[in-house]
Amino acid sequence: MRRTSVFILCTLALVACDKHDPILPGERSDIFDTKTLNVLNEPVANVPENVATYESADCPYTQKSDNTVWDGERKIFSGFATGNSVAGTRIPLCHGKYVYAGLSTGELVKINPRNREIVWMADIYRPSNMTGGASVLDIVAPIQIHNKYVYAGGLGDAFCKISDATGTIAWCTNIGVEKNFIIADTVAYVVDTEKNLNAIRLKDGAIYWRSPVKKSRTPKYENKIVIVGTEKFDAESGKAIKK
């Protein structure tokens with residue numbers, strides 16, 4: 001009977017983690033509950049000829065693998081360290097007077113470096129990833145801001161659109177993201193961890209089309225063509241362009 005009670009308590013604890021991750025305190029957006037991909041299988045209308053190359057603004061802050069963010073020798077944020085992370089250099093994003101950092105615990109945080117206040121935080125992962133105990137939720141792809149929204153993807157099977165003002169999640173699409181992505185007006189071109197190039201509608205997170213790629217590479221955009229490694233795809237239809 002005692003063992004049964006312990007099992008039930010552990011199960012309830014996992015369910016609680018599934019909905020509200022307790023790793024960092026404070027208010028946050030609910031974890032999204034999308035279970036299937038909404039693939040439209042239709043072309044993208046009015047794709048641009050070219051897009052601006054994403055370049056992170058000169059950001060004087062540094063981010064360590066233990067989920068701390070530093071202003072020189074002054075710590076402005078301290079997260080929860082975890083062993084379930086991906087090796088690599090962590091680069092926070094500076095925008096206006098704020099700093100944005102993606103953590104190995106799956107949180108995206110907006111920080112005011114002047115007073116070290118957490119403006120908001122959002123969970124960037126699928127709920128079921130919290131129940132495994134050893135899931136990798138790392139946010140390793142560079143964070144981007146476009147038209148008052150923050151876009152972030154992580155290894156917890158999520159690519160999300162978040163309000164920059166409030167931290168409210170507008171939508172999340174159920175794909176894992178490791179590489180930098182392209183925002184082209186009303187669509188994002190994202191290579192997922194399952195080796196697919198996705199054309200994601202920024203309005204609601206629906207996927208216009210998805211095409212398999214040979215290797216996961218950071219995509220490039222030139223003359224209405226999305227380039228992934230040595231492969232080229234029509235930005236409108238997603239069809240592979242043969243050499």
Side-chain angles (χ1 to χ4, degrees), residues 10-38 63 65-69 77-88 90-93 100-111 118-145 149-164 166-181 188 190-196 198 200 202 204-207 210 216:
C10 290
T11 303
L12 290 174
L14 286 174
V15 171
C17 287
D18 189 36
K19 294 299 181 184
H20 295 285
D21 169 31
I23 291 174
L24 287 177
E27 296 296 326
R28 67 187 66 208
S29 298
D30 290 340
I31 302 172
F32 75 104
D33 198 26
T34 302
K35 296 181 180 179
T36 58
L37 292 175
N38 181 16
Q63 183 177 347
S65 59
D66 62 354
N67 290 324
T68 57
V69 181
F77 174 82
S78 182
F80 182 84
T82 174
N84 300 332
S85 60
V86 176
R90 310 283 160 167
I91 303 176
L93 171 69
Y100 304 75
L103 310 180
S104 64
T105 46
E107 286 99 355
L108 173 66
V109 294
K110 180 179 181 179
I111 309 159
I118 299 175
V119 181
W120 53 253
M121 62 187 72
D123 294 317
I124 311 297
Y125 50 83
R126 184 171 56 183
S128 60
N129 287 43
M130 281 300 295
T131 61
S135 297
V136 179
L137 308 177
D138 219 342
I139 300 174
V140 293
I143 303 159
Q144 296 194 42
I145 297 180
Y149 285 92
V150 184
Y151 293 87
L155 298 180
D157 297 332
F159 178 73
C160 303
K161 175 182 180 179
I162 308 104
S163 168
D164 184 28
T166 65
T168 302
I169 294 176
W171 52 256
C172 286
T173 297
N174 212 8
I175 60 172
V177 182
E178 182 181 11
K179 304 296 182 181
N180 195 2
F181 47 88
V190 186
V191 175
D192 64 37
T193 54
E194 295 183 352
K195 297 180 181 179
N196 295 294
N198 302 268
I200 302 176
L202 297 187
D204 56 8
I207 300 175
R210 60 198 323 237
S216 293

Output yes when a side-chain donor or acceptor of [X] lies under 3.5 Å from a complementary backbone atom of [Y], and no otherwise.
{"X": "K161", "Y": "L202", "result": "yes"}
{"X": "D138", "Y": "L155", "result": "no"}
{"X": "W171", "Y": "F159", "result": "no"}

Which pair of non-hydrogen atoms, one from [X] and one from [Y], has the smallest distance, and what is that distance?
{"X": "A206", "Y": "N38", "result": "CB-ND2, 3.5 Å"}
{"X": "A101", "Y": "V69", "result": "CB-CG2, 4.0 Å"}
{"X": "V150", "Y": "I145", "result": "CG2-CG1, 4.0 Å"}
{"X": "V109", "Y": "L103", "result": "CG1-CD1, 4.3 Å"}
{"X": "F181", "Y": "Q144", "result": "O-NE2, 2.7 Å"}
{"X": "I175", "Y": "V190", "result": "CD1-CG1, 4.0 Å"}

*asked:* Just so I know, are the side chains of L93 and P142 near enough to count as touching, which here means a heavy-atom distance under 4.5 Å?
replied: no

All side chain to side chain donor-acceptor pair (under 3.5 Å) counterparts of [X], not counting sequence neighbours:
{"X": "D164", "answer": "Y100, K110"}
{"X": "N198", "answer": "D192, R210"}
{"X": "T193", "answer": "none"}
{"X": "S216", "answer": "none"}

*asked:* Between I118 and F77, is the side-chain contact (heavy atoms from CB on, under 4.5 Å) condition met? List the steps.
replied: CA-CA 8 Å; I118 299 175; F77 174 82; 3.7 Å; yes

*Taking salt bridge (Lys or Arg N to Asp or Glu O under 4.0 Å) as the test, write out the residues that go with D204, two or more places apart.*
R201

*Evaluate the criterion side-chain contact (heavy atoms from CB on, under 4.5 Å) for residue pair T68 and Q63; output intermediate values, then yes/no.*
CA-CA 6 Å; T68 57; Q63 183 177 347; over 6 Å; no

_Spacing of CD1 belonging to I143 relative to CG belonging to N180, to within rounding of 0.5 Å_ = 11.0 Å

*Partners of I124 by side-chain contact (heavy atoms from CB on, under 4.5 Å), sequence neighbours excluded?*
L108, A122, I139, A158, C160, I162

